[in-house]
2 protein chains.
Amino acid sequence: MAKNETVTLMDIVRRTGLSKGTVDRVLHNRGEVSRKSYDKVMRAAEELGYKPNVYASLLASPRRIVIAVLLPYQAPDSFWALSASGIERARESVEGLGGTIVKVEYDQYSMDSFREACGRLLEMEPSGVVIAPLFKHETSLLAEELRAKEIPYVYIDSKPDDDGYLAYFGMPMYDSGYLCADQLTGGQDVGSALVIRIRRDKLRQSDPTVNRRAGFLDYLAEHVPACTVHSVFIDPNEPERIDGTLDGFFAAHPEVRDIAMFNSRIHLIVPWLEAHPRPGRRVVGFDNLAANIAALRRGTVSALIAQHPDEQVRLAIDALADILLLKRAPARRDNFMHMDILTRYNVEYY
Amino acid sequence: MAKNETVTLMDIVRRTGLSKGTVDRVLHNRGEVSRKSYDKVMRAAEELGYKPNVYASLLASPRRIVIAVLLPYQAPDSFWALSASGIERARESVEGLGGTIVKVEYDQYSMDSFREACGRLLEMEPSGVVIAPLFKHETSLLAEELRAKEIPYVYIDSKPDDDGYLAYFGMPMYDSGYLCADQLTGGQDVGSALVIRIRRDKLRQSDPTVNRRAGFLDYLAEHVPACTVHSVFIDPNEPERIDGTLDGFFAAHPEVRDIAMFNSRIHLIVPWLEAHPRPGRRVVGFDNLAANIAALRRGTVSALIAQHPDEQVRLAIDALADILLLKRAPARRDNFMHMDILTRYNVEYY
DNA sequence: TTTGATTCCGTGCACGTTCACGGAAATTTT
DNA sequence: AAAATTTCCGTGAACGTGCACGGAATCAAA
């Protein structure tokens, strides 16, 4: 207490009269130690307030960790590309600690590709895994395997039913939809709104935006009950058909003005919007893709809600590094990132 | 390139035929090395891609750093109290690296107190300093002293005229005012708005919110030119007089509805606002004090603009630790934090 | 009592740096 | 050419921990 010096393992050695080796065995409880010595060391450690020097440990131990990150292929300026910077930042710190980070990518529209990625991941025997789970069933198989091998794993973006994960970093989807509706209407009494959705194949993919839509609709029901919500489906693989779809919709519903979209693809309808300007129109979307931000700057998009996929991976990797390297459990298991509202006036400093 | 192993200082030794000591002297360029050896080592380091092992360095070097943080006394739930968590987070990592963080507090309304704090700071001979500069002249004296002693320093919150600082972390004040006006009016044509300001004594304190006000007024001039802006002054030390002041103002200007405030004290007028509810009224303030957030949750305040004083100190301390411990210069010198828009619908996850 | 097995423990090297110290080599002075 | 400097360089002991190895002590079996 009184002494300001840092207390080392050798202090425990001196205090207990035992040896380095024994003290070390106790501290890592790997047995081969008598009950009596065990207690003596524990008491001494407690009393002296011993904190192991992490860097000395790292230096001494030959073990190097490998963290695998399983996520969809990061097409340029796509949602998943946003996470790249987070991975790089995490890489810096983890590599400084003698670890490695390996990306394992899959095609987010192909279950086979996901399955194949899982195989690649397992055979590289990582020390820890970050998972962006888009396929429910396949993910649970992977998780089972990891649990059997006692490899800790962390979910990002969304979280399946599963109880063996180390931590989860994601966005509160329902609340983000609620917020989206508030940004769209401002609680004002708008008569109607259009929601643009992505046509999905009937893959057994989980669609995380369903909760977002629920939040959106609940907000309207509570704050703007008279508002009618229309839906229109587009296909990102056929961008040339989007204009026609929108033309068709607005011919039938000229009174609709405000538009929301629950995924990162709001930029897909920007060309149409800019070809059909309308004063006072509010447009709200998600995620800070470069294309979205450009539209925000031009005023075509009123607000974007950003969820920091980069922060998510970074924190996920850090949590794994903490437990693997420093043996420190994450503070919270379920972590919700904050939702940032981006407008043309604050996007500059983002 | 080909070998996957980490390259150590000893690899350079082997490659150059020189000794550990010489290589070390070159790497830390502390002289006593011939030109020829110097070049040889540098070339080898370059070619091998040598990265020093930080932890081995830390282990070997006896030097422990002390980072002093000079900032106003952190009254409970005040703006400066927000930075506490950032200091604590930085403390964790810095103490892990064998450093210490010391807060040096002063009374933000007393220049004598600031001067006295500078004295205390200097005599503890810190290795680096974080400064929240509220008094222009005194700050420049301190900075001069630090430069003479070659102690690196970082500004947070605001930045005086000075060119010797290592880095600056703050908020773009002008733009925050612009954003504030946008959040208040939404670009809609409001007839008038009220700005509530803090009465200041004629100390030679710098008032960082002047730029914020400029941004605010410019937005209105550009987007809502017909809008009339009124000002009212209140004194935080006489909260009991606030109600009267506002009563007086609104008796004379009943048409005014929307209210903005450029500092963290929006909570001061919340009691009055809640005693005088008015439908559709927009109220915008700054900073996520607990009192402000409570009012935001209740809907009394429409939006808060948050500037992350905690992130500011944390990054500032990290920048110092980087340069002092790892000899790594900050990526950017002037760093503007992002401005977050807080509403009752996204404040939950903040 | 001797042997063998078991449980427990200490020794010593390694990890990649930093840095003080002492000394060789090169250069200048007498 | 010897002495005195100056410039440059190598050696070796830390820093705090991990871990392999070998050996002492204890106990059971012969």
Side-chain angles (χ1 to χ4, degrees), chain A residues 3-42 44-45 48-65 95-99 324-328, chain B residues 3 5-42 44-45 48-65 95-99 127 324-328:
Chain A
K3 56 176 92 178
N4 196 10
E5 300 301 311
T6 52
V7 14
T8 79
L9 185 144
M10 284 311 271
D11 290 324
I12 302 184
V13 168
R14 276 185 285 274
R15 158 98 64 133
T16 57
L18 293 162
S19 76
K20 242 182 7 168
T22 305
V23 171
D24 185 67
R25 273 186 289 268
V26 172
L27 260 22
H28 295 75
N29 50 292
R30 63 168 100 92
E32 312 213 352
V33 159
S34 72
R35 180 64 204 236
K36 190 153 51 164
S37 305
Y38 182 88
D39 290 340
K40 249 204 286 196
V41 171
M42 287 310 257
L48 294 171
Y50 171 72
K51 301 262 174 201
N53 182 320
V54 187
Y55 308 110
S57 301
L58 250 26
L59 229 208
S61 97
R63 152 187 61 122
R64 6 213 70 196
I65 65 164
E95 282 185 348
L97 274 64
L324 292 170
L325 253 19
L326 320 183
K327 313 187 178 285
R328 210 162 45 188
Chain B
K3 54 177 92 177
E5 300 300 311
T6 52
V7 14
T8 76
L9 183 144
M10 283 311 271
D11 290 324
I12 302 184
V13 168
R14 277 184 286 274
R15 159 113 40 150
T16 56
L18 292 164
S19 76
K20 250 182 350 173
T22 305
V23 172
D24 183 68
R25 274 186 288 268
V26 172
L27 260 22
H28 294 76
N29 49 291
R30 66 168 99 91
E32 313 213 350
V33 159
S34 73
R35 181 63 204 234
K36 189 155 51 163
S37 306
Y38 182 89
D39 289 341
K40 250 205 286 196
V41 171
M42 288 310 258
L48 294 171
Y50 170 72
K51 301 262 174 203
N53 182 320
V54 187
Y55 309 111
S57 303
L58 252 25
L59 231 208
S61 103
R63 150 187 63 122
R64 359 215 77 196
I65 65 163
E95 283 185 348
L97 274 62
S127 343
L324 292 171
L325 253 18
L326 321 182
K327 317 194 174 281
R328 209 161 46 188

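The structure presented is a predicted model; accordingly, all values stated were derived computationally and were not measured. Naming: A, B, ... by sequence-line order, numbering from 1 per chain.
Between B/Ala44 and B/Ile12, the closest heavy-atom pair is CB-CG2, 4.0 Å. Nearest heavy atom pair, residue B/Tyr50 against residue B/Leu27, reads CE2-CD2, 3.6 Å.
B/Tyr38 comes within contact range of no nucleotide atom at all, as no heavy-atom separation falls under 4.0 Å. Note on B/Lys51: only backbone sugar-phosphate atoms sit closer than 4.0 angstrom, heavy atoms only; bases stay farther off. Using a 4.0 Å heavy-atom distance criterion, B/Asn53 is classed as a sugar-phosphate-only contact.
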Could you go through nucleotides 10-12 of chain D and list every protein N or O atom that sits under 3.5 Å from one of its N or O atoms, giving the distance for each pair?
| unit_1 | atom_1 | unit_2 | atom_2 | d |
| --- | --- | --- | --- | --- |
| D/dG10 | OP2 | B/Ser19 | N | 2.8 |
| D/dG10 | OP2 | B/Ser19 | OG | 2.8 |
| D/dG10 | OP2 | B/Thr22 | OG1 | 2.8 |
| D/dG10 | O5' | B/Ser19 | OG | 3.4 |
| D/dG10 | N7 | B/Arg25 | NH2 | 3.2 |
| D/dG10 | O6 | B/Arg25 | NH1 | 3.1 |
| D/dG12 | O6 | B/Lys20 | NZ | 3.3 |

Could you list the protein-to-nucleotides 4-8 of chain C atom pairs, N/O on both sides, closer than 3.5 Å?
none

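Comparing the start and finish of the helix from C/dG4-D/dC27 to C/dT30-D/dA1, five pairs each, the helix axis swings through 60°, to the nearest 10 degrees.
Within 6.0 Å of CZ on B/Arg35 lie no more than 12 heavy atoms contributed by other residues, nucleotides or ligands.
The nearest whole Å value for the distance from the CG atom in A/Asp24 to the C1' atom in C/dC13 is 14 Å. The CG-P distance, from B/Leu59 to D/dC15, rounds to 10 Å in whole Å. We find that NZ of A/Lys36 is positioned 9 Å from P of C/dC9, with the value rounded to whole Å. Across the protein-nucleic acid pair, A/Leu58 atom CG and C/dT17 atom P stand 14 Å apart, rounded to whole Å. Following rounding to the nearest Å, B/Lys40 (NZ) and D/dC8 (P) show an atom-to-atom distance of 14 Å. Rounding to whole angstrom units, CE of residue B/Met10 and C1' of C/dT18 are separated by 14 Å. Rounded to an integer number of Å, the gap from B/Arg30 CZ to C/dT17 C1' is 11 Å. Between the CG atom of B/Leu27 and the P atom of C/dC19 there is a distance of 12 Å, rounded to whole Å.
In this structure, A/His28 NE2 and A/Ser61 OG are separated by 8.5 Å, a value rounded to the nearest 0.5 Å. Summarising the geometry, atom CG belonging to B/Leu48 is positioned 6.5 Å from atom CG belonging to B/Asp11; distances are rounded to the nearest 0.5 Å.
Every ring-ring contact (aromatic ring centres under 6.0 Å, His included) that A/Tyr55 has, sequence neighbours left out, goes to B/Tyr55. For the side chain to side chain contact (heavy atoms under 4.5 Å, CB included) test, residues two or more places apart in sequence or in another chain that qualify with A/Val13 are A/Leu9, A/Met10, A/Lys20, A/Val23. With sequence neighbours left out, B/Asn53 forms a side chain to side chain donor-acceptor pair (under 3.5 Å) with no residue at all. With sequence neighbours left out, the salt bridge (charged side-chain N to carboxylate O under 4.0 Å, His left out) criterion links B/Arg25 to no other residue. Applying the side chain to side chain contact (heavy atoms under 4.5 Å, CB included) criterion to B/Lys51, with sequence neighbours excluded, gives no partner residue. Residues satisfying the side chain to side chain contact (heavy atoms under 4.5 Å, CB included) test with A/Ser37, not counting sequence neighbours, are A/Leu18, A/Thr22, A/Val33, A/Ser34. With sequence neighbours left out, B/Met42 forms a side chain to side chain contact (heavy atoms under 4.5 Å, CB included) with B/Val26, B/Tyr38.
The phosphate of C/dT17 has OP1 or OP2 within less than 4.0 Å of a side-chain N or O from B/Tyr50. OP1 and OP2 of C/dT17 both lie 4.0 Å or more from every side-chain N or O belonging to B/Ser61.
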